[in-house]
Each structure stands twice: as structure tokens, then as C-alpha cells.
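Presented below is the structure to which this report refers.
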Amino acid sequence: MTEIPDSYDPDSAEQKWREQWQEMDVYSYEGTKPDYVIDTPPPYPTGNLHIGNALGWCYMDFAARYHRLAGDDVLFPQGWDCHGLPTEVKVEENEDIHRTDVPREDFREMCIEHTESQIDAMRDTMQTLGFSQDWDHEFKTMDDGYWGETQRSFVRMAEEGYVYQDEHPVNWCPRCETAIADAEVETEEGVEGTLYYVTFEGVGNDDIEIATTRPELLAACVSMAVDPDDERYADRVGDTFEVPLFGHEVELIADDDVDGDFGTGAVMICTFGDKQDVDWWAEYDLDLRAVFTEDGHLSEDAGDYAGLTIEDAKEQITEDLHAEGYLNKSEPTTQNVGQCWRCDTPIEILSKEQWFVKVDQEEILDTAQEVEWVPEHMYDRLEEWTEGMEWDWVISRQRVFATPIPAWFCESCGHTHIAEEDDLPAKPTEDGPGIDCPECGSDDWTGETDVMDTWMDSSITPLFVRDWPQADFEPTSLRPQGHDIIRTWAFYTILRTAAIEDEIPWEDILINGMVFGNDGNKMSKSRGNFVQPEEVVEEHSADAFRQAMALGGQPGSDIQFQWKEVTSASRFQTKVWNITRFAGQHLEDDREPLTDPAYRDADRWILSRASHVAAEVADHMDEYRFDAALRELREFVWHDLADDYLELIKGRLYEGRPGERDAARQALFTALSASLRMLSPFAPFLTEEAWHALPSTEGSIHAAEWPDLDMADEESEAAGQLIADTASTVRGWKSEEGMALNADLSKVEVYPDEMPDAAVDTYDLSEAVNAPVHVRAGTPSVELVPVDIDPDHSTIGPEFRDQAGEVVAALESMDPEVVKRQQRLDDEIEVDLGDEEVVVPGDAVDVEEQHQAESGEEVVVLDEDFGTVLVYP
RNA sequence: GGGUUCGUGGUCUAGUUGGUUAUGACGCGGCCUUUACAAGGCCGAGGCCGGCGGUUCGAAACCGCCCGAACCCA
């Protein structure tokens, strides 16, 4: 007998195991080549692991722990995507400096220091929640060892022609003063603006009126356009006009993309107002008039307006247009504006010398199709985004805290030199390339000051965790990812792995949904529906939080955080603990497994059920259906194991002969031990504590194996199910009658609808219901009165096809007594359909009968799904 | 405007290829201290499965339209 504490205290247990797991190496992968590798997405170190992150990490942890149990050598690393603009901004704020106030290296150091503290906070939360990363394989993209590999990937892609440098219009954030990629531009809808109607004077012909929301771009106007089918302008195409205030001349062109319903039907083309302008500019080989500077002012090319901010220029130019008589009218309008996703500043399109990565749509989609998307439809999002890509990926950024682009420019001949792989990691702003210019022999180099987009770092994680390039690349097993970043993270990672290794990055990509507050809205502090994972742990436990995440919905769908799920999980934990405590009272510390236990039907039943459950739960886990897996486990543990099985074997455990008692003990141990192991991915703390409390277990449950039960046995399971159902029926009846559950009864008779093939063993059942139990074939010897007819649609449907409805209706209108008699005597029923008679097989109809006690012995008749139970009080 | 997903008791959720009485949880009402467990057990009420139409002998499921919600994109 083993003493196990009365109650489970999650606070102390979780604290204890958190510490001990750090000492043990159950989560570290030691082999030469792992079987199951998670390409953990490195989060941006915001300092706060919120509940939405936690959902994704729960999924990873379920998968990691399951695969360890299943015998895989699992690599579950944790990385941090450190570089980026928000950190620079934060450090500038904290230190009250501008990044140019201090040397580049010093500023970088400040960023690193800030990032480290942010990481510490998030790592703490991860450990609080019991995530089983292998911390020996932690990586930070700001470490030389990492960003050196980012540079290597850059160098290789440059060699393959994927990376190139060119002048091309790019999205530009005037506040951050850097280029940004399409994915970093967010469209703000319904922004209020003004539509101005402006006259352009004709050069040697009539004037024309255009409509624009951006008069500040007049200086950049290089052409005008109308719809070729627009009759108003049919004979004007090719005419020349003078740009108001600025005086340069532009020509009117015709293009299908002009919306004739907008404004006057005529628009100006500027370099650049939007992407449409870029298209026209390229298509018609127009001039380039760049009037915006990198910091959002007007340039020298804007004449008198040079130096004004974009906003001031708009105001000034409008005023002047009005004063000069060019402005005819203005009206309010709403428009969609592209904004920087980090600072919401409206983006501009500037033509700049930048570094690009070629977007090969076909290659990306071919690769993406080879990845298993869970759920499948998430692939569509990637496809839609990829097919809509218009520009190559601009990867250069004019910032500091990021991976340097390893390139130098020769001051004497202009040659660009990209670093050799052997020279990485390279800091071109500090060191030279170590060679003379291969073109002109000069050693007068200028290092590239541009750095790389952070996605360049985070899109090589599958390569990095696979020890590329030392090891030949093999796809990782799993990438978990939120559906909001498919177009960025998933997209870039697929692009890069395809480009560098011509491979898929991962075999499976599991997309997790968003977590909403319990009012169904996005979590936000202002709505008051915001929940921090730590709060849940404090209130209940990490295990309960994890279960709530698993049960919130099937992976892929958005889930609502529900406190009630956490409550329900806590109750389940209490139940598991109590079962363990009960088992501890009956299991010897030094119990030896029996070689040939004298199992009874109840034992064979629970073992057979456990075998089925282990197989089904494994299937669910393989398919990432964590909700279904945990649901099935709870059902089994709570109802089969606790409610039914434990009750059935109490007789043997307390008063049985040693052989029978020991068989029950063995089956109990087997079923409980299997249950704990299967639950351990979801509730690692509770199951570890219970595992250690349970006699004859060794080591950590997380180093144990998935149950290998080969005890499925349909016959015994049917017999056992009958026993369990009967016990449950009698228990329910006693409760309803207000009787003590251990009250003695004179006799119980069971008449199953389907008699099990094997003889039913009633020993345990008798003990459980406190009465002799007889299982009998046939129908009870109490008076039965047919009262209703219930045709079986699944038999009648296929047999009578389009007549089925008629047959069912006729059957239901028949006298139940007549039907019953025919069924009993002939095993078939003649049904009169009015114009013809058909014969229905006897088993296609259930005649519902009510039991009416005969005079004499008092009997209670309980009708159940599985048969009829007669209770003689 | 385009794409994707989703509408199931008061709330959240399951429902694999169509087939008897639609799953579970939370909440609600009632009863019960029993040799693991009152943080428990047992019982009960509560659903025209968003609406309409179609396919079918039979639809929560399949098809069409409509209404509503969410996300992504333009």
C-alpha cells in the first residue's frame, strides 16, 4: 500500500517539476540525427508571451511530447527573432537618443541588451506553462553564429541569381526612413481625404480637367491618362498639356486601367503616387521625376516647394492652385491608404537602389503544394497571396539592428563585391573584404550600410535547426504557425528553402487560429477581455490552461478562451488524482507483474477498451486533432475507468481471494499507467506527480513510452460492457430511489438485447450492485405489453428504396400487438400499403414494449439501450 | 469587390464516407455523505442543427440561393 496525499496541489507540484525538469535531460535530444524536428517559429522578443502565442506553443508541445512517448528522438528547439525596427525605436525611447547619436556598434549593443531581458521574460512564461523545449538548442538571430548563416544564405542566393541589386520603385516609410516589403504595408480603409479638380492647360489646344487626391505630387507628374473608350477624350489622346504651377509639359495617353467613373475620367500619372503609376511608368517608358525625399519632404525638383513636408506641401500647393485659378472644385472622398505596419505612417513609393530577392511564383507554389497543410484549406491563403505578388521582395533596410548585407562597393570603379562564404560573418561597416577589387585592383572599398529585412533571418530556421550547411538538409517535421502570418513567415520560408536547397522546409505545417476573449471578441485591454497565461496558472494551473487550449476547438480554427474549460480541466485533474490515490491504496510497492493473471470479464473489458483508446488517440495525435484526443481520453478515464471499472473491482480488491485480487490490481495498474502516459502531453505536471506517486513506475513519465497494449478482445469487451452498463443502471436507480449505493438487493436479472458470445461473468457485478445477478436470454418473465412501433430506417431504407416512406408510415399506423405477434411467430411482418402488400423482415422493426409487473414478486423493470434490467429489491 | 472559414440547447463545443433517441462541457433545477473523490456522485429540464429551396426512401452533414459573423487580400 502506498500513501498518496489526499489532494493534488498544482502550485507546489508544478513548481517542483519545473525545477527538476531543468536538471533532468528528458527534453534534450542527444542522438546524431533526430527523428522528429520541430521548426519552432522564433517569436519577436516583445517581452510578453501572450495567450495567442501560448496556443501555438501548446500545439507544439503536445506534438513534441507525444512523439517522445512514441519513441522518436525529438528536437524541439527555441529561437528568438531579435532584429528589427521596434527594438531600435524602444531603445531610442529608453535611452532618449537617436540611433545616429552613437556609433553603430554601440547602438547595436544597446539593442542586444534590451532584447536579452525581453527574452528572459518570455522564456519564463514558456517554462511556467511546461513547454518542453530543448534549451541546449536555443538560438538568437542576433548572435554571430546565427546571422552569419543568414549572410551565408544571402551569398548563396546571390550566386544562384536570386539576390540582385537594382534601382526600382519600393515601398518607403518616410518616418522609419527605410524600404519595406509588400507584406509590411497594411491597407487602412476609408481614410477621409479630399478630391481636387485641377485644370491642365493645353499646349496649342483645349484645356483638360483631372481629379486627384494628391496635388503635392504635381511636380512628379509625368503623364496623364484616360480610358481609351471614353468618348469625352476620344480625340485628345496624344495631346500635350502643361502641369500647373510647375510648367513642364506632359502627354495624354490612353489605358484600359483608367476608371472613367472616377472624377473627370482623366488622371495624372506621377512618379509615384501608387503601384498603378509604377505600372504605367514602366509600360510607357515615362520619365522619372522624384520629388519626395527619404525623410518625407519635397526635394529640389519641387522648385519653390523644396523642403516642405509632404503634408505642408499639399496645403501650400492647393492654395496656390486656387490662387492661380487652376483649382476648380474640391470634394470630400474616402480612400484606402497603404501604411507602415510598424508605425502607421502612410507609405510612399520611391525609386531607390536596393537589394532584392527574386520571387519565383511557380517555384514557391510547387514547393508549397508538397507540404502537408493542416488544415488543408490554409494552403489557399498562401496561393492567393503568392499569385498576387507584383514585385520582387525588397530585402534591404536602411537601419542598424539587423543582419548586415555582406557587400562592399569599389570607390574607383563602382564594382560591387559580395563576401566569400569563408569570410562570414562579415561586418562591412567595420571591416574590408580583404581583397583588392577584381575589376580595377583598387583597395578603396566602402562597406554596405544597408542591412537585411528581419524575415531574411527568420526564414532560414529550418536550415539552421537542421545544422545547415554542415549537414545535408532534410526537411523538418513540423512548422506550427498562426494563420495571420502565412503570407509572411510561411511564404518567405518556403521561398528560401526552395531557392537554397530545392526542398520543402517542413513536411507538415500546422496552422493555429487566433485566441479570442470569452466574449467572442479579439482580446484587448480596453475591452476588458484580456487574459494573460500567468493569470490562469495562478488561478488554476498550467495543466488546466493547456487542456483548455486543447479543447477550445480543433486546430486551425479560432478559439475562445473560456474560464469554464479551465474549471472543467481542474475537476478532471482532481478526478485523475483520486483514481491514482485509490490505486495507491491497493497496489504494493514491490508488486511483481503476474505472468498469467486470472482476469475476469471486467478486467478484460477495461484492458480491451484501453487498447482501443490508445490506438485511436494515437491516430488523433498523428493528425494533430488534439481536441479529439483529449476528449476521448477524458471520456475513457472518467467514465470507463473511474465510474465503471473501479466500482466493479472494489469487491475483489477489498475482499477477493488473492489470485483474483491481484488480477484486478494488475489490470488497474495497466489501465491507469496507460492513461497517465497518454494524458502526459496535455497535463505534464499532474501526470508526472501521479506517475511518481504510483508504485512500480520508474523515472520521469516524459521518458516513458506510449502504451503498447495488445489486449483488444471484442468478445470480452461486449461482455464487460454489459457488466459495466448494468452496474451503472442499478447505481442510477438506487440513487433515484434514495437508497444507499451499497444497499443490498435480493436479485438482479439482465436480459441483454444482444447476448454476448461468451458466458458473462457476474462475479464483479454482484459485488458492485450488492445482489446476485443472473444474465438471461430471451425476454423477461414479466408481462410485456407492446406499445409502440419503431421501424429501423437503416434496414427498410435500402431494401424498399422509394417505397420506404410509405412502408414506414404504414408500419407506424399498425397495431403494436399485431406487429409483435407476427414478428414473434413468422419473423416477418405483412404490411398493407393499400394497393399492395409487402413483407418486412422481422428485425427491421423494433416493437417497443412496456413491462407491467405480474402480481406476486415485486420487481422493477429498467429499460435501457443495451437491454432490460430487472431489479428485485 | 475577390478569397477562405464558420453559424448546432443560455454559453462554448463534437459530429469521420448521409441511416434508430444529435456529443460533451459550463451554467441551471432536484436528490444523495457511499470502503478514491462534495473541487464528488446520480437524475432532470433545455435544440424546428441560421433561413429558404433542391437531391434522396432518408439531410445537422450533399447542392443552390439568401441572411449573419470572422479572417486575409484589393
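Chain A is the first sequence line, chain B the second, and so forth, proteins listed ahead of strands; every chain is numbered from 1.
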Of the nucleotides rC12(B), rC73(B), rC71(B), which has the atom closest to the Glu384(A) side chain?
-> rC73(B)
Asp279(A) CG to rA74(B) C1', in whole Å, measures 14 Å
Under 4.0 Å: is that the gap between some side-chain N or O of Arg631(A) and OP1 or OP2 of rC12(B)?
-> no
Nearest-nucleotide check on RNA chain B, His639(A) vs Leu551(A); residue mapping nearer the 5' end is Leu551(A)
With a 4.0 Å cut-off on heavy atoms, is Gln560(A) in touch with a base, just the backbone sugar-phosphate, or nothing at all?
-> sugar-phosphate
Are Tyr624(A) and Tyr59(A) close enough that their ring centers fall under 6.0 Å?
-> no
Is there a side-chain polar atom (N or O) of Arg487(A) under 4.0 Å from OP1 or OP2 of rA74(B)?
-> no
Hey, does Gly556(A) reach any base, or is it just sugar-phosphate, or nothing, if we go heavy atoms under 4.0 Å?
-> nothing
Provide the distance between the two P atoms, one in rG46(B) and one in rU4(B), to the nearest whole Å.
-> 40 Å
Nearest-nucleotide pick for Asp627(A), side chain only, options being rU11(B), rA14(B), rA70(B) = rA14(B)
Indicate yes or no for a side-chain donor-acceptor contact from Trp373(A) to the backbone of Ala368(A) under 3.5 Å, with no hydrogens or angles considered.
-> yes
Below 4.0 Å: OP1/OP2 of rA74(B) and any side-chain N or O of Thr187(A) | yes
Looking for any heavy atom pair under 4.0 Å, which part of the strands does Glu647(A) touch: base, sugar-phosphate only, or nothing?
-> base
Taken to the nearest whole Å, CG/Asn521(A) to P/rA70(B) is 8 Å
So what's the dot-bracket for RNA chain B: Watson-Crick or G-U pairs under 3.5 Å, [ ] if a pair crosses, | if it pairs off-strand?
-> (((((((..(((......[....))).(((((.......))))).....(((((..]....)))))))))))).
Measure from CD on Glu387(A) to P on rG3(B) and round the result to the nearest Å.
-> 13 Å
Phosphate contact (rG41(B) OP1 or OP2) by Lys575(A) side-chain N/O below 4.0 Å | yes
Closest to the Lys564(A) side chain: rG15(B), rG24(B), rC12(B)?
-> rC12(B)
Starting at CZ of Phe582(A) and ending at C1' of rU34(B), how long is that distance when rounded to a whole Å?
-> 13 Å
Spacing between Arg381(A) atom CZ and rU5(B) atom P, to the nearest angstrom = 9 Å
Looking only at atom C1', what distance separates rG47(B) and rU11(B), rounded to whole Å?
-> 14 Å
Please measure how far the C1' atom in rG64(B) lies from the corresponding atom in rA22(B), and state the result in whole Å.
-> 25 Å
Is Lys275(A) close enough and on-axis enough to Trp391(A), meaning under 6.0 Å and within 45°, for cation-pi?
-> yes
Residue Asp643(A), side-chain heavy atoms: nucleotide from rA14(B), rU5(B), rC42(B) that is nearest | rC42(B)
What distance, rounded to whole Å, do you find between the two P atoms, one in rC49(B) and one in rU8(B)?
-> 11 Å
Between Asp508(A) and Arg479(A), is there a side-chain N and carboxylate O pair less than 4.0 Å apart?
-> no
Output yes when a side-chain donor or acceptor of Asn53(A) lies under 3.5 Å from a complementary backbone atom of His50(A), and no otherwise.
-> yes
Which whole number of Å gives the distance between the C1' atom of rA60(B) and that of rU23(B)?
-> 12 Å
Spacing of Trp341(A) atom CH2 relative to rC72(B) atom P, expressed in whole Å = 12 Å
Can you figure out which of rC12(B), rC71(B), rG15(B) approaches the side chain of His483(A) most closely?
-> rC71(B)
May I ask you to evaluate whether Lys650(A) reaches the phosphate of rU34(B), defined as a side-chain N or O under 4.0 Å from OP1 or OP2?
-> no
Using the P atom on both, measure rU33(B) against rC42(B) and round to a whole Å.
-> 16 Å
Closest to the side chain of Gln562(A), out of rA74(B), rU4(B), rC12(B), is rC12(B)
Identified side chain to side chain contact (heavy atoms under 4.5 Å, CB included) partner of Arg652(A) from the options Arg657(A), His586(A), Glu660(A) = Glu660(A)
Should the ring pair Phe561(A) and Trp563(A) be called parallel, tilted or perpendicular, given that the plane angle runs from 0 to 90° and is split at 30 and 60?
-> perpendicular
State which of rA70(B), rG15(B), rA74(B) makes the closest approach to the side chain of Asn336(A).
-> rA74(B)
For nucleotides rA14(B) and rC28(B), find the distance between their P atoms and express it as a whole number of Å.
-> 24 Å
Taking atom CD of Glu754(A) as the centre, does the number of heavy atoms from other residues, nucleotides or ligands within less than 6.0 Å exceed 12?
-> no
With a non-hydrogen cut-off below 4.0 angstrom, is Ser568(A) in contact with a base, only sugar-phosphate, or nothing?
-> sugar-phosphate
Pi-cation contact, Phe682(A) with Arg546(A) (under 6.0 Å, within 45°) | no
So what does Asp484(A) touch, heavy atoms closer than 4.0 Å: a base, only the sugar-phosphate, or nothing?
-> nothing
Sugar-phosphate, base or nothing in reach of Ala642(A), heavy atoms under 4.0 Å = base
Compare side-chain N and O positions of Gln554(A) against OP1 and OP2 of rG15(B) and report whether any pair is under 4.0 Å apart.
-> yes
So what does Ile486(A) touch, heavy atoms closer than 4.0 Å: a base, only the sugar-phosphate, or nothing?
-> nothing
Rounded to whole Å, CH2 of Trp638(A) lies from P of rG40(B) at a distance of 7 Å
Nearest-Å distance for atom pair CG/C1', residues Leu382(A) and rC73(B) | 13 Å
Taking Thr187(A) for the side chain and Gly338(A) for the main chain, is one N or O donor matched with an acceptor at less than 3.5 Å?
-> no
Think Arg571(A) has a side-chain N or O under 4.0 angstrom from the OP1 or OP2 of rC26(B)?
-> yes
Of all heavy-atom pairs linking Ala602(A) and Tyr645(A), the shortest is O-CE1, 3.4 Å
Hey, which of these two, Thr567(A) or Ile559(A), hits RNA chain B nearer its 5' end, going by closest nucleotide?
-> Ile559(A)
If the C1' atom of rG27(B) is compared with that of rU13(B), how far apart are they to the nearest Å?
-> 14 Å
